[in-house]
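Given the structure is predicted, the values throughout are model-derived calculations rather than measurements.
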Amino acid sequence: MIPILAFALIPIFFGLLLGYFAGIRKFVDNRDVHSLVRFVMNFALPCSLFLAIAHTDRQMLRSQGGLVAVLGLVYLALFFLTWFFERRMFRSGEADSAVLALTLAFPNATAVGIPLLDAVYGPSAAAATAMGIAIGVVTISPITLAILERSTMKGHALSPAAQIRSSMWKAVKRPVVWAPVLGVLAALVKLHLPDFANRSLTVMGNATAGAALFLTGLIISAQRFSLNGRVIAAIVAKNLLQPALCLAIAWMIGLSVVETRYAVLIAAIPCGFFGLVFGKGFNSSPLTASSSLIFSYVFGIASLAGWIVLLGRLG
């Protein structure tokens, strides 16, 4: 088991540390990361998502419905639970609460999920990882953007429902959203792309994991951090409670063992960087969010290993 864990986890944390080192030593600007974010989110990742889904067997793709439902539920559950506690218990502002909620609820499947699930379960997990990314992009991400936009509006602001509709439409127009939809259509009609097209998309898609890991490390290097009770509670919620809830729901609905493993391991991945990236555009960088992002990876060394071992014993 130790060689398997080393094979799965060491390359991931190597990529994160490389980005962190580059940012700390100022080899790369860790304050203005928008160009790298656009490359990952608008070019490399859409190519990767499209290929992962388009090359999935039609019957296997249809079986992903349960996994999508489970991940959608656990993303939304942790998002709104975090939002409620931040607003009611800690009296945080709308923007800061939304940034923290998205940071905790949306695992970093873009950077960590793609190489992790491939290393642990093989290429068959690629479609599940793609679905895990897509469901977060079309649910809690636009909700967060709507809240952030609302927090900056003065006077005649749109209603919350109108803001969410507007943000959902903006999300749908992004390549990271419509690329997996095209992938689903391609898989359903059994579209066969020319070899040169497959190769071209593969070259771009292969850049996703490394670039996203480097980007995450770069973002972490620019963040402040402080370990306190709120951060510890956030890490426990993200690294332990979210995957545990995912496992419980998967059992309740009778999800297959294979799909359960995929879903739970995706949920166990540490915090994503979407929240802090979105927050930068609205002058919202809560210390709890940046600290949670950093320490979820430190604790993730042990928690990910534990979940991989536990999931390997499911039968």
Side-chain angles (χ1 to χ4, degrees), residues 16 19 30-46 48-49 71-72 74-80 82-83 86 94-114 129-149 151 164 167-168 170-177 179-180 208-209 211-223 234 237-239 242 266-286 288-294 296-297 300:
L16 292 169
N30 61 2
R31 296 292 177 180
D32 184 8
V33 297
H34 291 91
S35 293
L36 190 51
V37 170
R38 291 190 188 100
F39 166 71
V40 172
M41 301 304 296
N42 293 335
F43 297 98
L45 181 57
S48 178
L49 294 179
L71 287 176
V74 297
Y75 288 176
L76 289 166
L78 186 55
F79 181 90
F80 285 111
T82 303
W83 167 263
E86 282 295 304
E94 287 187 342
D96 286 356
S97 298
V99 169
L100 177 61
L102 185 62
T103 300
L104 298 184
F106 196 178
N108 196 358
T110 304
V112 179
I114 294 173
T129 310
M131 291 296 186
I133 297 169
I135 193 67
V137 168
V138 301
T139 54
I140 53 179
S141 292
I143 293 173
T144 302
L145 287 171
I147 293 171
L148 290 171
E149 289 171 0
S151 70
I164 291 176
S167 296
M168 286 290 287
K170 290 178 182 177
V172 168
K173 293 189 293 183
R174 295 181 179 183
V176 74
V177 176
T208 302
L213 285 170
F214 187 88
L215 172 61
T216 302
L218 199 61
I219 290 172
I220 289 174
S221 72
Q223 305 305 315
K238 173 68 205 80
N239 290 38
Q242 190 181 41
I266 290 171
I269 292 169
C271 297
F273 56 79
F274 280 29
L276 289 171
V277 170
F278 289 168
K280 280 187 175 183
F282 295 87
N283 297 317
S284 176
S285 299
T288 303
S290 59
S291 298
S292 299
L293 178 71
I294 292 168
S296 71
Y297 285 92

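The two residues W83 and E94 have their closest heavy-atom pair at CZ3-O, 3.2 Å. The nearest pair of heavy atoms linking A98 to I147 is CB-CG2, 3.7 Å. The shortest non-hydrogen separation linking S221 to G19 is OG-O, 4.5 Å. In plain terms, the two heavy atoms of A289 and T103 that are nearest each other are O-CG2, 3.9 Å. Across all non-hydrogen atoms, the minimal contact from L276 to S290 is CD1-CA, 4.0 Å.
With Y297 contributing its side chain and C271 its backbone, the two residues share a donor-acceptor pair below 3.5 Å. Listed for the Q242 side chain is a donor-acceptor partner under 3.5 Å among the backbone atoms of A105. For R174 (side chain) and N42 (main-chain N/O), no donor-acceptor pair under 3.5 Å exists by modelled atom type. A donor-acceptor distance shorter than 3.5 angstrom exists from the side chain of T216 to the backbone of A212, with no hydrogens or angles considered. Using a distance-only test at 3.5 Å, with no hydrogens or angles considered, a donor-acceptor pair links the side chain of S141 to the main chain of G136.
Interatomic distance, L78 CG to K238 NZ, rounded to the nearest 0.5 Å: 7.0 Å. Once rounded to the nearest 0.5 Å, the distance linking OG of S97 with CG of L102 reads 12.5 Å. Note that OG of S285 is 6.5 Å distant from CD of Q223, once rounded to the nearest 0.5 Å. Rounding to the nearest 0.5 Å places CZ of F79 at 9.0 Å from OG1 of T139. Taking CD1 of I140 as the start and CG of L104 as the end, the distance is 10.0 Å to the nearest 0.5 Å. Residue I133 holds its CD1 atom at 5.0 Å from CG of L49, rounded to the nearest 0.5 Å.
The shortest distance between side-chain heavy atoms of I266 and Y75 falls below 4.5 Å. The shortest side-chain heavy-atom distance between F214 and L36 falls under the 4.5 Å cut-off. Between L45 and I114 the shortest side-chain heavy-atom distance falls below 4.5 Å. Contact of the N30 side chain with the I219 side chain is not registered, since no non-hydrogen atoms from C-beta on lie closer than 4.5 Å. Contact of the D96 side chain with the E86 side chain is not registered, since no non-hydrogen atoms from C-beta on lie closer than 4.5 Å. Proximity of V99 to F278: side-chain heavy atoms (C-beta onward) are nowhere separated by under 4.5 Å.
Under the side-chain contact (heavy atoms from CB on, under 4.5 Å) criterion, T288 pairs with L100, R230, V231, S292, not counting sequence neighbours.
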### Task
Could you go through the side-chain contact (heavy atoms from CB on, under 4.5 Å) check for F274 and T144 one step at a time?
CA-CA 10 Å; F274 280 29; T144 302; over 6 Å; no
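The only member of L218, T110, V112, T208 that meets side chain to side chain contact (heavy atoms under 4.5 Å, CB included) when paired with L213 is V112.
Inspection of the S296 and N239 side chains reveals no N or O donor paired with an N or O acceptor under 3.5 Å.
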